[in-house]
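Step one of this worksheet: look at the structure below.
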Amino acid sequence: TRLLDFVRQQAALAAAPQGDRTSITFIMGEDPPGTDNLFYTGATAHFTLHPAGRLVTNLRTLLEVRNHLDANRPANGLPWGEVNIVVHANEEGGMSIPVVDVPAGQDPAFHQANTFTLQDAIASHALQPLVDGVVDARTTLNIRGCSLGQSQDMLHLLSTGFGGDEAQRPIVRAPKHLQAFEFTPDNWRPHHVNAPAATDLYFIEFWFVGFPHGHRPTNATLIQQFNAKYPGAGINWATGLAHPGAPAGDQLTNETRERTYRFDLTTGYFPLPANNAALANTLAQIGGDFAGLSNVQETNREPAAEGRTRVFFEAIQNGNPFNGQLDMGPNPPANDAARNALVAAEPDVIADLARVGHVFADYDWGFVQNDVSTGNGGREWTLVATGRHTILRIQRELREPDPARPGHTRRLYPAVTDRTHFGEEVPARPAQHPPGENVPIENPNPP
């Protein structure tokens with residue numbers, strides 16, 4: 001099996017033409033006015049001073065990137081070479097941009113690209129793979145976003161989303177660390193006539209724990225959590241917790257980011273009656289087979305499908321005995337305790353949170369509930385549950401010993417092929433030895 005897979009990969013590489021390929025860089029956002037986080041400004045400065053192909057700054061979805069690559073194919077006839085996508089991202093596989101356009105009136109924050117939305121877009125063909133003449137096994141998508149390289153699932157989905165589920169699809173690489181940009185002068189901004197004087201793209205290593213938003217544990221508890229999660233890391237957690245803000249040099253600092261999860265539930269129902277009069281009122285509104293009932297008396301209840309309750313009753317209709325039944329409820333939860341219990345038991349919520357190592361209790365929950373009439377005795381209630389989780393990072397610049405200054409360090413700039421610092425999806429990996437060379441057999445079961 002391994003040999004056949006190797007052969008398939010080499011065949012894909014052989015079919016992918018070599019040559020001087022065209023690069024392109026996409027800046028997928030802009031910094032809000034007045035913000036201190038000049039990520040996109042710094043990225044624009046860096047790729048203005050150190051271009052990696054044409055700079056495109058006006059696209060805001062993965063679908064727009066895909067369509068741009070397709071509509072603006074390189075003039076030399078070869079597939080794309082290096083495609084840089086600069087975007088806010090995180091280690092859970094999330095990106096700050098949507099996969100496709102957000103439906104009108106909906107919050108873009110709840111349509112951001114992640115392993116769920118991207119998988120759905122691929123399955124529904126909303127995001128269709130590019131043909132081999134546009135991207136292939138020698139194309140590289142470099143995701144210039146924080147720690148996305150820690151999500152192998154996302155790297156795989158990006159490769160298949162852009163190139164299809166075959167060996168002839170692009171390589172995807174992304175950093176496992178936070179990524180930052182520096183530029184001078186500090187007042188440089190995009191569209192200035194002059195290029196920035198200097199820029200730097202560097203990395204920040206980090207360790208993190210989380211807690212429900214607004215419920216930060218004491219520092220002593222946080223230190224216990226860090227020690228439990230990263231035993232033997234050799235990090236002075238107390239020092240990091242004492243210095244909030246962005247890291248500089250060897251200084252440990254701490255910063256937080258918020259993770260938001262949203263769940264919507266809509267249920268149509270007939271209200272569960274509190275007494276016979278309420279039941280009679282609902283039946284009268286429904287009408288039809290229940291028209292003209294009098295002396296309505298509930299006789300029994302039993303569980304029904306979808307959380308409903310089957311209500312049995314007897315009545316008089318046109319002078320004759322009438323026996324009937326109706327599936328009613330579930331009524332909307334009456335308070336936040338009931339809402340918490342309802343959402344905490346939802347299988348989809350449990351599964352979604354488990355995919356990032358979380359449980360319901362890791363979030364602080366807020367609810368918006370609406371209950372409206374749909375006519376003929378029916379009602380519909382909608383519950384929007386929004387959970388907020390705070391991630392606290394201890395961090396410092398990625399450093400290495402400075403040979404020019406013994407006892408000091410300098411920034412480390414690892415190659416994108418360094419798997420210690422970058423995650424990668426490589427559908428077709430070049431052979432490590434020339435064809436025909438005898439190499440030692442790899443032990444599939446090392447001691």
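Hydrogens, waters and symmetry mates play no part in the numbers below; they use all other heavy atoms, side chains included.
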What's the shortest heavy-atom distance between [X] and [Y], and which atoms?
X      : Y      : value
Ala43  : Val86  : CB-CG1, 3.5 Å
Val134 : Thr139 : O-OG1, 4.3 Å
Tyr363 : Arg259 : OH-NH1, 2.6 Å
Gly161 : Ile122 : CA-CD1, 3.6 Å
Pro330 : Trp381 : O-NE1, 2.9 Å

Name all residues meeting the side chain to side chain donor-acceptor pair (under 3.5 Å) criterion together with [X]; count only those two or more places apart in sequence or in a different chain, and write none if there are none.
X      : answer
Asn376 : none
Arg388 : His213
Asn37  : none

Electrostatic pair [X]-[Y], nearest N-O below 4.0 angstrom:
X      : Y      : answer
Glu82  : Arg173 : no
Arg257 : Glu91  : yes
Arg2   : Asp5   : no
Asp136 : Arg21  : yes

Which residues share a side chain to side chain contact (heavy atoms under 4.5 Å, CB included) with [X], sequence neighbours left out:
X      : answer
Val102 : Pro98, Gln106, Pro108, His111
Asn370 : Val372
Arg54  : Ile24, Val56, His68, Asn72
Ser124 : Ala126

For residues 281-292, which side-chain N or O atoms pair as donor and acceptor with protein atoms under 3.5 Å away, sequence neighbours left out?
| from | atom 1 | to | atom 2 | distance (Å) |
| --- | --- | --- | --- | --- |
| Thr282 | OG1 | Ala278 | O | 3.3 |

Identify the residue among Thr61, Leu63, Asp120, Leu157 that makes a side chain to side chain contact (heavy atoms under 4.5 Å, CB included) with Leu127. Leu63
Sole residue of Val356, Val349, Thr386 in side chain to side chain contact (heavy atoms under 4.5 Å, CB included) with Tyr261: Val349
Side chain of Arg66, backbone of Phe162: donor and acceptor closer than 3.5 Å? no
Report, as yes or no, whether the 6.0 Å neighbourhood of atom CZ on Arg189 holds more than 12 heavy atoms from other residues, nucleotides or ligands. yes
Tell me whether His125 at atom NE2 has more than 12 heavy atoms from other residues, nucleotides or ligands lying less than 6.0 Å away. no
Residues forming a salt bridge (Lys or Arg N to Asp or Glu O under 4.0 Å) with Arg216, sequence neighbours excluded: none
What is the ring orientation for Phe367 with Trp365, classed by angle as parallel under 30°, tilted 30 to 60°, or perpendicular over 60°? parallel
Spacing of Thr44 atom OG1 and Phe39 atom CZ [to the nearest 0.5 Å]: 9.5 Å
Under the ring pair (Phe, Tyr, Trp, His ring centres under 6.0 Å) test, which residues partner Phe226, sequence neighbours left out? Trp237
side-chain hydrogen bond (donor to acceptor under 3.5 Å, both in side chains): which pairs involve residues 322-332, sequence neighbours left out? Arg310-Asp327
How far apart are the C-alpha atoms of Leu265 and Leu342, what are their side-chain angles, what is the distance that settles it, and do they pass the side chain to side chain contact (heavy atoms under 4.5 Å, CB included) test? CA-CA 10 Å; Leu265 180 65; Leu342 175 67; 3.9 Å; yes
Taking the six-membered ring of Phe208 as reference, does the cationic atom of Lys229 (NZ for Lys, CZ for Arg) lie under 6.0 Å from its centre and within 45° of its axis? yes
Do you know which of His177, Glu255, Glu205 makes side-chain hydrogen bond (donor to acceptor under 3.5 Å, both in side chains) with Gln395? Glu255
Yes or no on side-chain hydrogen bond (donor to acceptor under 3.5 Å, both in side chains) for Thr117 and Asn114, after CA distance, side-chain angles and deciding distance? CA-CA 5 Å; Thr117 57; Asn114 55 41; 3.2 Å; yes
Does anything in residues 23-38 form a salt bridge (Lys or Arg N to Asp or Glu O under 4.0 Å)? List the pairs, not counting sequence neighbours. none
Is there a side-chain hydrogen bond (donor to acceptor under 3.5 Å, both in side chains) between Thr309 and Arg301? Walk through the geometry before answering. CA-CA 7 Å; Thr309 300; Arg301 295 186 181 192; 5.9 Å; no
